[in-house]
**Q** 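Before anything else, here's the structure in question.
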Amino acid sequence: MSASHRRARRLTRSLLACACLCAAAAPLAARQSAHASPDPAKEARLAWFREAKYGLFIHWGLYAIPAGEWKGARIPGIGEWIMHRARIPVREYEELASRFNPIKFDADAWVQLAQDAGMKYIVITSKHHDGFALFGSKVSRYNVVDATPFRRDIVKELAEACAKRGMRLGFYYSQAQDWHEPNGAGNDWDFKPNAEKDFDQYLRDKAYPQVRELLTGYGPVALVWFDTPQLMTSERARRFTELVRSLQPDTLIDGRLGAEGDYISTGDNIIPGEKQTEAWETPATINHTWGYRKDDVDWKNPGEIVFKLVDIVSKGGNYLLNVGPMADGVIPQASQDVLRAAGQWLRINGEAVYGAWPTPFGEEFGEASAKGAKDLRGSPLFLSWNDYRVTAKPGKLYFTIFVEPRVPVELPPMKNAVKRAYFLANGLPVAIAEKDGRQSFTVPRPILDPMGTVIVVEIEGERVAR
Ligand code: FHN
């Protein structure tokens with residue numbers, strides 16, 4: 001295939017995908033330069049995270065009961081925002097607690113799902129913006145133990161199941177928005193506007209003590225996932241950081257506290273266009289909502305999940321993929337099926353993912369529009385290509401092929417000699433040809449695995465030299 005044909009083919013399938021990716025890349029790259037000198041303590045904390053690559057996000061709370069519908073009306077938007085979207089008064093919304101009785105909740109089954117999916121950590125909403133705690137808090141009775149007929153500490157059960165099965169567990173905690181509290185950020189339909197609130201009273205009497213509870217009563221906490229840092233001055237954020245560091249020095253802090261965390265959190269569902277050296281994570285939905293909505297059945301398919309995971313890993317990041325359990329405690333079967341199918345792929349091809357380095361190349365991500373086109377935000381348009389992604393380990397390059405190539409795949413230029421190449425799935429050799437100083441391999445058709453065929457290229461030396 002000629003270079004121009006290849007460019008044209010890629011151009012048509014990537015125009016839509018790229019605008020938001022590029023928009024995300026700029027701030028990431030900019031922030032990266034602020035951390036030029038590596039912090040050894042931070043790097044030590046991050047070691048497991050950089051290895052893990054793939055985690056399960058769980059958004060669960062009272063919002064799973066209305067599931068996107070309030071008083072017979074469909075409330076648009078993400079499910080966990082229903083209280084805000086429908087301006088539901090606190091007194092009405094909190095009645096949901098008396099109906100929260102998820103008798104099918106089985107912490108072991110959830111951890112088993114994450115393991116079947118090939119995920120290495122779990123992050124659960126210990127308290128989302130609605131203010132309801134999924135753990136037995138002594139600080140506020142608005143929690144699963146004191147306010148529901150269920151009376152079981154969900155976070156504790158999950159922590160025990162994770163400890164038993166060797167799964168790391170982290171806690172999402174909405175540090176600023178709390179629509180249940182008069183002085184928490186965000187609820188201006190029951191309470192005063194944010195600017196007139198005594199936000200420090202809320203922090204002092206609920207948020208700081210609850211974070212302390214989470215870090216003292218539930219075993220080792222892999223990370224705290226703060227979110228939407230409204231009203232978070234650096235002083236207010238610093239107190240959260242101090243709490244976490246003093247109680248569990250190994251616990252990671254995400255990138256949405258309102259102060260520097262241990263890693264960068266991208267925007268929701270945003271994958272940057274280029275690789276990044278600082279640790280980062282994309283939180284992502286498996287359909288369109290985080291909290292369960294009964295009308296959102298637009299599940300991503302396993303192939304899309306595998307592509308996004310490998311794309312993210314090839315750029316140095318982690319993929320935190322969400323499920324929204326239903327009010328009875330069951331994770332929707334369709335989302336379980338998708339996760340397990342992607343997990344099956346990982347069982348065969350995980351070597352290309354876990355602990356893998358980002359690509360030593362980068363030209364496979366795509367190219368800037370030659371015609372100077374701009375995206376919706378006016379930034380230069382980047383045309384992303386989805387043919388293959390590259391991840392690496394010492395002396396090995398993993399080419400994960402997503403689009404059946406009609407012509408030999410040219411290896412990007414490098415000084416290293418190639419020792420051999422083979423399919424990761426079955427070890428069968430792949431011939432490397434050389435022409436005009438460029439090395440290439442041919443992928444037999446039909447492609448071995450349409451979800452992603454991994455070809456391992458072994459090279460002289462640990463790392464690619466260019
Ligand atoms: O407002 C939240 C939203 O409900 C969800 O928790 C996501 C997950 O990243 N974070 C916020 C929006 O970015």
**Q** Do R463 and P360 have side chains that approach each other closer than 4.5 Å (heavy atoms only, starting at C-beta)?
**A**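 Result no, sub-4.5 Å side-chain heavy-atom pair not found.
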
**Q** Could you give all pairs that pass the salt bridge (charged side-chain N to carboxylate O under 4.0 Å, His left out) test and reach residues 169-179, with sequence neighbours left out?
**A**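 Listed by first then second residue: K127-D178, D178-K206.
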
**Q** Give me the ring orientation class for F402 and F307: parallel if the planes are under 30° apart, tilted from 30 to 60°, perpendicular past 60°.
**A** perpendicular

**Q** So how far is it from I122 CD1 to R165 CZ, rounded to the nearest 0.5 Å?
**A**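 Answer rounded to 0.5 Å: 9.5 Å.
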
**Q** When you look at L223 and W48, which way does the side chain to side chain contact (heavy atoms under 4.5 Å, CB included) test go after all the steps?
**A** CA-CA 11 Å; L223 58 89; W48 73 265; 4.0 Å; yes

**Q** Are W179 and Y93 close enough that their ring centers fall under 6.0 Å?
**A** no

**Q** Is it true that K294 and E69 have a side-chain N and a carboxylate O under 4.0 angstrom from each other?
**A**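 Here K294 pairs with E69 in a salt bridge, since their nearest N and O are under 4.0 Å apart.
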
**Q** If a pair satisfies salt bridge (charged side-chain N to carboxylate O under 4.0 Å, His left out) and one of its residues is in residues 231-257, list it, with sequence neighbours excluded.
**A**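 Found D200-R236, D227-R256, E235-R238, R238-E242, R245-D262, R256-D268.
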
**Q** Among residues at least two apart in sequence or on other chains, which ones pass ring pair (Phe, Tyr, Trp, His ring centres under 6.0 Å) with F150?
**A**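 Here no residue qualifies.
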
**Q** Working to the nearest 0.5 angstrom, can you tell me the gap between E304 CD and D311 CG?
**A**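 Answer rounded to 0.5 Å: 12.5 Å.
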
**Q** So D375 and P380, do their side chains get closer than 4.5 Å, heavy atoms only?
**A**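 Not touching, per the 4.5 Å side-chain cut-off.
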
**Q** If you measure from OG on S98 to CG on L62, what distance do you get to the nearest 0.5 Å?
**A** 9.5 Å

**Q** For the backbone of G118 and the side chain of Y354, can you confirm whether one donor and one acceptor N or O come within less than 3.5 Å of each other?
**A** yes

**Q** Working to the nearest 0.5 angstrom, can you tell me the gap between T285 OG1 and L320 CG?
**A**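 CG of L320 is found 11.0 Å from OG1 of T285.
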
**Q** For a 4.5 angstrom cut-off between non-hydrogen side-chain atoms, does E281 reach W225?
**A** yes

**Q** Is the closest side-chain heavy-atom distance between L252 and Y121 below 4.5 Å?
**A**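 Not in contact.
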
**Q** Walk me through it: do Y63 and D130 pass the test side chain to side chain contact (heavy atoms under 4.5 Å, CB included)?
**A** CA-CA 9 Å; Y63 39 79; D130 65 0; 3.5 Å; yes

**Q** Do the rings of Y172 and H129 sit parallel, tilted or perpendicular, given the 30° and 60° boundaries?
**A** tilted

**Q** To the nearest 0.5 angstrom, please state how far the OH atom of Y173 sits from the CD1 atom of I124.
**A**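 The OH atom of Y173 sits 15.0 Å away from the CD1 atom of I124.
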
**Q** Could you tell me whether R141 atom CZ has more than 12 heavy atoms of other residues or ligands within 6.0 Å of it?
**A** no

**Q** Where the side chain of E160 meets the backbone of E157, is there a donor-acceptor pair that is under 3.5 Å apart?
**A** no

**Q** Can you see which heavy atom on S335 is nearest to which on W299, and at what distance?
**A**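 So the minimum-distance heavy-atom pair works out to CB-CZ3, 3.8 Å.
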
**Q** Step by step, would you call W385 with E367 a side chain to side chain contact (heavy atoms under 4.5 Å, CB included)?
**A** CA-CA 8 Å; W385 300 335; E367 64 183 356; 3.4 Å; yes

**Q** In terms of side-chain geometry, is the basic nitrogen of R293 or D295 positioned less than 4.0 Å from the acidic oxygen of its partner?
**A**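 Counted as a salt bridge, because a side-chain N and a carboxylate O are separated by less than 4.0 Å.
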
**Q** Determine the sole option in V338, D298, L56 for which the side chain to side chain contact (heavy atoms under 4.5 Å, CB included) test with I286 is passed.
**A** V338

**Q** Quick one: do Q333 and D337 satisfy side-chain hydrogen bond (donor to acceptor under 3.5 Å, both in side chains)? Show the steps, please.
**A** CA-CA 6 Å; Q333 188 59 45; D337 294 346; 2.8 Å; yes

**Q** Output all residues satisfying ring pair (Phe, Tyr, Trp, His ring centres under 6.0 Å) with F399, sequence neighbours left out; order by chain, then residue number.
**A** Y388, F441

**Q** Quick one: does T391's side chain have a donor or acceptor within less than 3.5 Å of a partner on A352's backbone?
**A**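 Yes; at least one donor-acceptor contact below 3.5 Å.
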
**Q** If you look at every heavy atom in P332 and G324, which pair is closest and at what distance?
**A**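 So the minimum-distance heavy-atom pair works out to CD-O, 3.3 Å.
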
**Q** T251 and L215: which non-hydrogen atoms are nearest, and at how many Å?
**A** OG1-CD2, 4.0 Å

**Q** Looking only at atom types and distance, does a side-chain atom of K275 sit under 3.5 Å from a main-chain N or O of T359, one as donor and one as acceptor?
**A** yes

**Q** Any heavy-atom pair between the side chains of W280 and K315 that's under 4.5 Å?
**A**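 A side-chain contact under 4.5 Å exists here.
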
**Q** Think K308 forms a cation-pi with Y319, using NZ or CZ under 6.0 Å from the six-ring centre and within 45 degrees of its axis?
**A** no

**Q** Do the side chain of K300 and the main chain of N287 share a donor and acceptor less than 3.5 angstrom apart?
**A**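 Yes, K300 side chain to N287 backbone: donor-acceptor pair under 3.5 Å.
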
**Q** Centre of F135's six-membered ring, under 6.0 Å away, within 45 degrees of the axis: is that where NZ or CZ of K156 sits?
**A** no

**Q** Would you say that I154 contacts F100 through its side chain, given a criterion of any heavy-atom pair below 4.5 Å between the two side chains?
**A**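 Result yes, sub-4.5 Å side-chain heavy-atom pair found.
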
**Q** Cut-off 3.5 Å, no hydrogens considered: what does the side-chain donor-acceptor table look like for residues 77-84, sequence neighbours left out?
**A**
| residue | atom | partner | partner atom | Å |
| --- | --- | --- | --- | --- |
| E80 | OE1 | G291 | N | 2.8 |
| H84 | ND1 | R87 | NH1 | 3.4 |

**Q** Does atom CZ of R212 have more than 12 heavy-atom neighbours, drawn from other residues, nucleotides or ligands, at distances under 6.0 Å?
**A** no

**Q** Hey, are the side chains of L339 and L321 touching, using non-hydrogen atoms and a 4.5 Å cut-off?
**A**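 Side chain of L339 against side chain of L321, heavy atoms only: contact under 4.5 Å found.
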
**Q** With side chain to side chain contact (heavy atoms under 4.5 Å, CB included) as the criterion, how do I331 and L113 come out once you've worked through the C-alpha distance, each side chain's angles and the decisive distance to 0.1 Å?
**A** CA-CA 9 Å; I331 294 172; L113 170 64; 3.7 Å; yes

**Q** How are the rings of F240 and Y208 set to each other: parallel, tilted or perpendicular (split at 30° and 60°)?
**A** tilted

**Q** Which pair of non-hydrogen atoms, one from P102 and one from G329, has the smallest distance, and what is that distance?
**A** CB-N, 3.8 Å

**Q** Would you please say whether a donor-acceptor pair under 3.5 Å links the side chains of N318 and Y263?
**A**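 On atom types as modelled, these side chains do not qualify, holding no pair under 3.5 Å.
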
**Q** Can you tell me if N322 and H59 form a side-chain donor-acceptor pair at under 3.5 Å?
**A** yes

**Q** Under a 3.5 Å distance rule, please check whether Q230 uses its side chain to pair with a backbone N or O of A185 as donor and acceptor.
**A** no

**Q** Test side-chain hydrogen bond (donor to acceptor under 3.5 Å, both in side chains) on E351 and Y398 and set out the steps.
**A** CA-CA 9 Å; E351 187 187 317; Y398 302 91; 2.6 Å; yes

**Q** Would you check if the side chain of D153 reaches a backbone N or O of G136 as a donor-acceptor pair within less than 3.5 Å?
**A** yes

**Q** Just verifying a value: how many Å separate R347 CZ and N349 CG, rounded to the nearest 0.5 Å?
**A** 11.5 Å

**Q** Which heavy atom of P325 sits nearest a heavy atom of A64, and at what distance?
**A** O-CB, 3.7 Å

**Q** For T125 and H128, indicate whether the former's side chain and the latter's backbone hold a donor-acceptor pair under 3.5 Å.
**A**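 Not at all, since once roles are kept as given, no pair shorter than 3.5 Å links the two residues.
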
**Q** Ignoring hydrogens and angles, tell me if any N or O in the side chain of E92 forms a donor-acceptor pair with the backbone of V90 under 3.5 Å.
**A** no

**Q** As a test of understanding, state which of Q201, R204, K197 forms a side chain to side chain donor-acceptor pair (under 3.5 Å) with N183.
**A**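 By the side chain to side chain donor-acceptor pair (under 3.5 Å) criterion, N183 pairs with just one of Q201, R204, K197: Q201.
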
**Q** Mind checking ring pair (Phe, Tyr, Trp, His ring centres under 6.0 Å) for F105 and listing every partner two or more places apart, or none if nothing turns up?
**A**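 By the ring pair (Phe, Tyr, Trp, His ring centres under 6.0 Å) rule, F105 matches W60, W110.
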
**Q** Can a donor-acceptor pair be found, under 3.5 Å and without considering hydrogens, that links the side chain of Q175 to the backbone of F226?
**A** no

